[in-house]
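Working notes, beginning with the structure itself.
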Amino acid sequence: MGVVTSDVDLSAARFAQGIPFETFAELRRSAPVYWYEPDRYWVVTSYELVRSINRDATVFSNTQGTTGAALRQEEGDEPLGVRTILTMDPPQHTVYRKMAARSFSRSAVRSWEPLIRRTAKELLSGFAERGGGDWGTEVAAPFPFRVMAELMGIPREHEEEVLKRVETQVIGDPVKGWSAEKAQQAVAEADEYAGWLLEEHRKHPRGGDLIDHLMEARIDGKPLTEAELRAWVNLYIGAGGETTKYLIAHGLLCLLENPEARRAVQEGCNLDPVVEEMLRYTTPVMHHSRWAMETVEVNGQVIEAGQRVTLWMISANRDESVFADPDRFDITRAPNHHDTFGPTGPHYCLGAGLARLEGKVFFEEARPYLDRMEIAGDIVRGTSNIFNVLVASPVAVR
Ligand code: HEM
């Protein structure tokens with residue numbers, strides 16, 4: 001076993017002070033599979049091992065929860081009342097994933113571009129007219145949410161309430177951290193809200209939106225149960241918003257802090273590699289979990305059946321054996337096979353195509369504003385070691 005000389009603190013509170021990149025570098029060097037006693041889980045930090053464990057769904061299971069509230073319940077609780085693909089393993093996962101993949105096909109995502117562009121334009125121009133404000137809450141959070149809301153028929157007047165509920169479930173209070181009691185209450189409210197949305201769709205069919213697809217879907221000839229439908233609605237709301245939000249929030253900061261990259265974007269460079277580098281550099285979902293189904297040895301460590309294994313994409317994405325000068329934000333980086341959407345494996349992000357398009361269209365629309373924008377106060381990080389949360393991101397538009 002390698003020797004780790006510094007204190008390893010991977011608590012949510014530590015991340016509020018800044019991401020412990022030096023700790024990750026040391027772990028990659030000397031103990032890439034490390035038992036973290038405070039939370040009693042394995043911490044995997046190297047690119048190679050994060051990838052290989054993530055791929056091996058026969059040994060490493062998703063069924064005890066991967067991110068967010070589910071895995072913080074008491075031991076022995078059913079992690080989610082009803083499973084969605086996030087908490088299924090193959091072969092069950094494969095069947096449901098195929099059902100959902102239809103909604104996120106390349107052509108479907110391409111057809112959403114006008115909606116994405118309109119949403120970006122509206123939020124950016126409003127922000128500029130106000131002379132700026134808090135970038136995270138006023139632009140980055142509503143942008144992906146409004147796209148998903150439009151694809152699911154969520155009325156605009158419910159935006160604030162739904163956004164708050166998602167945050168309470170997965171992050172908790174961004175400053176004080178996560179609370180089981182509040183999260184459970186938010187889960188129950190979200191479940192009720194999803195029931196209402198489904199009823200609305202039945203009364204007023206919208207013809208082919210994400211919820212219609214779920215209602216039309218058949219698994220072995222049978223429709224999803226009402227509880228399954230509600231769980232899927234909430235999966236889409238949470239996964240589609242709470243993630244891309246941090247890509248947009250941190251993505252702008254990357255440009256404002258790197259004048260060369262900002263200039264290149266302003267001058268019209270291809271945004272695909274820029275967004276890829278934002279995804280690598282900012283890693284909105286910093287880690288997710290797997291659960292060992294049998295006792296296995298990985299890199300000289302014995303992982304026992306039933307133990308939790310956390311895969312730290314935020315560390316894999318800075319692995320110096322894969323990415324040259326990994327701490328540098330480099331929009332010319334090629335290749336850039338980051339692990340931000342979960343490395344290759346059955347659970348690779350279903351919304352990756354949508355998130356990439358959202359990033360690209362958003363920063364295309366942001367181009368005309370970039371030279372007038374500046375960071376206008378302290379950037380404050382949130383208390384989460386799962387999501388790369390910002391509590392305050394003041395940006396002025398001159
Ligand atoms: C899965 C990250 C955007 C829907 C995942 C996973 C990650 C991830 C890391 C794998 C979880 C695991 O293996 O346990 C991200 C990031 C995004 C993003 C960083 C934005 C920058 C989206 C969007 C949607 C979405 C826009 C649209 C609804 C999903 C779904 C899954 C998933 C449904 C579960 C897939 C499965 O288990 O088969 N995402 N995501 N994501 N994502 Fe995303």
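Counting from 1, the numbers follow the sequence of the chain as shown. Read the numbers this way: they start at 1 and go in the same order the structure lists the ligands and their atoms.
- Within the 4.5 Å cutoff, no side-chain heavy atoms of Phe21 are placed close to those of Ser315.
- The Phe104 neighbourhood of ligand 1 comprises atoms 27 (C), 28 (C), with distances under 4.0 Å to a heavy atom of that residue.
- Listed by number with element, the atoms of ligand 1 under 4.0 Å from a non-hydrogen atom of Met313 are 9 (C).
- Using bins of under 30°, 30° to 60° and over 60° for the plane-to-plane angle, the ring pair Trp35/Trp42 lands in the perpendicular bin.
- Among all protein heavy atoms, the one lying closest to atom 34 (C) of ligand 1 is Leu86 CD1, 3.6 Å.
- Listed by number with element, the atoms of ligand 1 under 4.0 angstrom from any heavy atom of Thr340 are 2 (C), 9 (C), 19 (C).
- With ligand atoms numbered from 1 in the order given, ligand 1 contributes 35 (C), 36 (C), 38 (O) to contacts under 4.0 Å with heavy atoms of Arg97.
- In terms of protein heavy-atom proximity, atom 27 (C) of ligand 1 is closest to Gly240 CA, 3.7 Å.
- Rounded to the nearest 0.5 angstrom, Leu151 CG and Ile237 CD1 are separated by 11.5 Å.
- Evaluated for a side chain to side chain contact (heavy atoms under 4.5 Å, CB included) with Tyr47, the options Arg28, His337, His338, Met313 yield exactly one hit, His337.
- What sits closest to atom 6 (C) of ligand 1 on the protein, heavy atoms only, is Phe341 O, 3.8 Å.
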So His347 and His288, ring-ring contact (aromatic ring centres under 6.0 Å, His included) or not? Walk me through it. CA-CA 11 Å; His347 293 276; His288 59 221; 8.3 Å; no

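- Checking only distances, Thr66 does come within under 3.5 Å of ligand 1, N or O to N or O.
- Close N/O approach between His347 and ligand 1 is found [any backbone or side-chain N/O within under 3.5 Å].
- Distances below 4.0 Å separate heavy atoms of Ala239 from the following atoms of ligand 1: 3 (C), 4 (C), 22 (C), 23 (C), 24 (C), 25 (C), 29 (C), 41 (N).
- Neither the backbone nor the side chain of Thr283 comes within 4.0 Å of ligand 1, counting heavy atoms alone.
- Here the heavy atom of the protein found nearest to atom 18 (C) of ligand 1 is Thr243 OG1, 3.3 Å.
- Atoms of ligand 1 found under 4.0 Å from any heavy atom of His93 (numbered from 1 in listed order, with element): 36 (C), 37 (O), 38 (O).
- Of the charged side-chain nitrogens involved, at least one lies within less than 4.0 Å of a carboxylate oxygen, so that Glu161 and Arg165 count as a salt-bridged pair.
- In summary, Glu192 and Arg230 do not engage in a salt bridge, as defined by a charged side-chain N under 4.0 Å from a carboxylate O.
- Under a 4.0 Å heavy-atom criterion, Ala352 is not in contact with ligand 1.
- Ion pairing between Glu113 and Arg110 fails under the 4.0 Å rule for side-chain N and carboxylate O.
- Considering backbone and side-chain N/O atoms, Asn54 never comes within less than 3.5 Å of an N/O atom of ligand 1.
- Neither the backbone nor the side chain of Thr84 has a heavy atom within less than 4.0 Å of ligand 1.
- For atom 12 (C) of ligand 1, the nearest non-hydrogen atom of the protein is His288 ND1, 3.3 Å.
- A salt bridge links Arg156 with Glu122: the distance from a Lys NZ or Arg NE/NH1/NH2 to an Asp or Glu carboxylate oxygen falls below 4.0 Å.
- Counting heavy atoms from C-beta outward, Val397 and Phe127 have side chains that approach closer than 4.5 Å.
- Of all protein heavy atoms, the one lying nearest to atom 24 (C) of ligand 1 is Gly351 CA, 3.5 Å.
- Listed by atom number, the atoms of ligand 1 under 4.0 Å from Gly342 heavy atoms are 9 (C).
- Using a 4.0 Å cut-off between charged nitrogen and carboxylate oxygen, Glu364 and Arg117 count as a salt-bridge pair.
- Between Arg280 and Glu277 there is a salt bridge, with a side-chain nitrogen of the basic residue lying less than 4.0 Å from a carboxylate oxygen of the acidic one.
- Only side-chain heavy atoms of Arg290 come within less than 4.0 Å of ligand 1; its backbone N, CA, C and O stay farther off.
- In this structure, the protein non-hydrogen atom closest to atom 1 (C) of ligand 1 is Cys349 CA, 3.5 Å.
- At the top of the distance list for atom 31 (C) of ligand 1, counting protein heavy atoms only, stands Leu350 N, 4.0 Å.
- Ring geometry, Phe362 versus Trp135: the interplanar angle exceeds 60°, so the pair is classed perpendicular (tilted spans 30 to 60°).
- At a 4.0 Å heavy-atom cut-off, ligand 1 touches Pro346 through the backbone alone.
- Using bins of under 30°, 30° to 60° and over 60° for the plane-to-plane angle, the ring pair Tyr193/His158 lands in the perpendicular bin.
- Heavy-atom contacts of Met148 reach the following atoms of ligand 1: 28 (C) (cutoff under 4.0 Å).
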